[in-house]
Amino acid sequence: MTTTVPLAGIILAGGASRRMGRDKATLPYEGSTLVERMVDILKPRCAPIFVIAAPGQAMPALDAEVLRDEVLGVGPLLATGRGLRAAADAGSELAFVSAVDMPLLTVDLIDTLVAPAVRVGADVVLPWDGRDHYLAGVYRTALAGRVDELIDAGERSMRALVDRVDTQRIVMPQQRALTNINTAADLEAIRNVQIA
């Protein structure tokens with residue numbers, strides 16, 4: 001059932017990447033970049049795909065629409081709202097929101113999250129493996145207005161949104177698909193696992 005549910009894709013690529021020490025979106029990964037890898041992962045399941053980049057951030061040519069944050073360094077909530085609005089304007093009711101640094105993400109995981117969003121009408125569906133994965137969840141695009149309200153009230157965290165709407169958490173064991181690359185050591189660990 002879930003594979004027929006229309007789903008937009010939103011990739012947040014404009015973060016400061018302080019722990020990595022460089023832009024993660026253009027980090028080389030298996031012959032391309034992390035942002036290209038993420039577009040390739042979402043492409044079989046999500047349409048349209050929006051990549052939210054920082055002002056002036058270099059981006060490779062992508063099979064996705066690149067949107068720019070208006071302000072640098074204000075966190076993922078504002079970028080999520082921008083992506084949700086674009087997805088709603090494109091006619092999508094649901095969107096998968098992802099960080100740019102999840103190269104092991106799978107379509108199966110995405111579909112596991114879409115099912116409850118459809119079945120129970122949740123605003124947000126997140127995987128939970130001992131912690132919330134705010135940037136690996138299904139969001140209703142109608143939440144763009146709620147994001148604007150939160151930003152106007154001075155909020156910047158994704159938690160501010162998910163704590164105020166109908167959020168369903170899908171409990172699951174730790175998943176390789178939810179692995180984030182935050183440091184050079186994380187990237188090396190993923191490469192070593194793939195070689196083994």
Side-chain angles (χ1 to χ4, degrees), residues 2 5-17 20 23-27 29-30 32-54 57 59-60 62-67 69 75-88 90 92-117 122-129 131-141 143-144 147 157-159 161-162 167-170 172 174-182 186-187 190:
T2 57
V5 175
L7 187 67
I10 300 168
I11 300 169
L12 304 188
S17 306
M20 182 62 74
D23 174 24
K24 284 195 271 187
T26 57
L27 190 69
Y29 187 84
E30 293 190 353
S32 63
T33 63
L34 277 181
V35 69
E36 290 169 295
R37 167 75 174 190
M38 292 305 299
V39 169
D40 286 346
I41 291 169
L42 267 57
K43 196 169 24 177
R45 182 59 185 88
C46 301
I49 298 174
F50 301 96
V51 174
I52 315 300
Q57 181 182 12
M59 279 285 136
L62 297 170
D63 191 11
E65 184 174 345
V66 177
L67 303 174
D69 280 333
L77 184 62
L78 184 63
T80 298
R82 172 117 191 198
L84 292 175
R85 179 162 283 100
S92 298
E93 292 183 22
L94 295 171
F96 181 77
V97 177
S98 174
V100 74
D101 63 354
M102 301 181 69
L104 304 179
L105 184 69
T106 65
V107 169
D108 287 342
L109 179 76
I110 295 170
D111 277 334
T112 297
L113 301 173
V114 171
D123 294 321
V124 178
V125 180
L126 300 176
W128 190 88
D129 61 0
R131 69 181 183 100
D132 283 322
H133 293 271
Y134 301 117
L135 300 184
V138 174
Y139 290 73
R140 291 210 172 269
T141 60
L143 292 174
V147 170
S157 74
M158 294 297 288
R159 178 176 295 193
L161 175 63
V162 301
T167 299
Q168 300 292 314
R169 289 165 173 88
I170 306 302
M172 55 183 61
Q174 289 193 345
Q175 307 280 314
R176 288 188 69 229
L178 293 172
T179 302
N180 294 95
I181 296 176
N182 291 309
D186 293 342
L187 179 59
I190 284 179

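Heavy-atom basis, side chains included; hydrogens, waters and symmetry copies ignored.
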Between [X] and [Y], is any pair of side-chain heavy atoms under 4.5 Å apart?
X	Y	answer
Gln57	Met59	yes
Leu77	Ser157	no
Val162	Tyr139	yes
Trp128	His133	no
Val5	Leu94	yes
Leu7	Val114	yes
Ile49	Asp63	no
Met172	Thr112	yes

Rounded to the nearest 0.5 Å, what separates atom [atom1] in [X] from atom [atom2] in [Y]?
X	Y	atom1	atom2	result
Leu104	Leu109	CG	CG	11.5 Å
Ile41	Ser98	CD1	OG	7.5 Å
Leu135	Met158	CG	CE	5.5 Å
Met102	Ile181	CE	CD1	10.0 Å

Counterpart residues, side chain to side chain contact (heavy atoms under 4.5 Å, CB included), relative to [X] (two or more places apart):
X	value
Ala47	none
Ala8	Pro48, Ala87, Ser92, Ala95
Ala86	Phe50, Leu67
Ala144	Leu84, Arg85

Might you point out which heavy atoms bring [X] and [Y] nearest each other, and give the distance in Å?
X	Y	result
Leu42	Gly9	CD2-CA, 3.9 Å
Ala99	Asn180	CB-ND2, 4.1 Å
Ala79	Ile52	CB-CG2, 3.6 Å
Val39	Ala64	CG2-CB, 4.1 Å

inquiry  = Checking Ile170 against Val125 for the side-chain contact (heavy atoms from CB on, under 4.5 Å) test, could you report, in this order, the C-alpha distance in whole Å, the side-chain angles of both residues, the deciding distance, and whether it holds?
reply    = CA-CA 7 Å; Ile170 306 302; Val125 180; 3.6 Å; yes

inquiry  = Tell me if a side-chain donor or acceptor on Lys24 pairs with a main-chain N or O of Leu34 at a distance below 3.5 Å.
reply    = no

Partners meeting side-chain hydrogen bond (donor to acceptor under 3.5 Å, both in side chains) with Arg169 (sequence neighbours left out) = Asp132

ask   = Partners of Thr33 by side-chain hydrogen bond (donor to acceptor under 3.5 Å, both in side chains), sequence neighbours excluded?
value = Glu36

Check salt bridge (charged side-chain N to carboxylate O under 4.0 Å, His left out) between [X] and all other residues, then give those that pass, not counting sequence neighbours.
X	result
Asp123	none
Asp108	none
Arg140	none

query = Can you list the steps and then say if Asp40 with Arg37 is a salt bridge (charged side-chain N to carboxylate O under 4.0 Å, His left out)?
reply = CA-CA 5 Å; Asp40 286 346; Arg37 167 75 174 190; over 6 Å; no

ask   = Around atom CD of Gln175, are there more than 12 heavy atoms of other residues, nucleotides or ligands at under 6.0 Å?
value = yes

task = Show the numbers, then the answer: is there a salt bridge (charged side-chain N to carboxylate O under 4.0 Å, His left out) between Asp111 and Arg45?
result = CA-CA 9 Å; Asp111 277 334; Arg45 182 59 185 88; 2.6 Å; yes

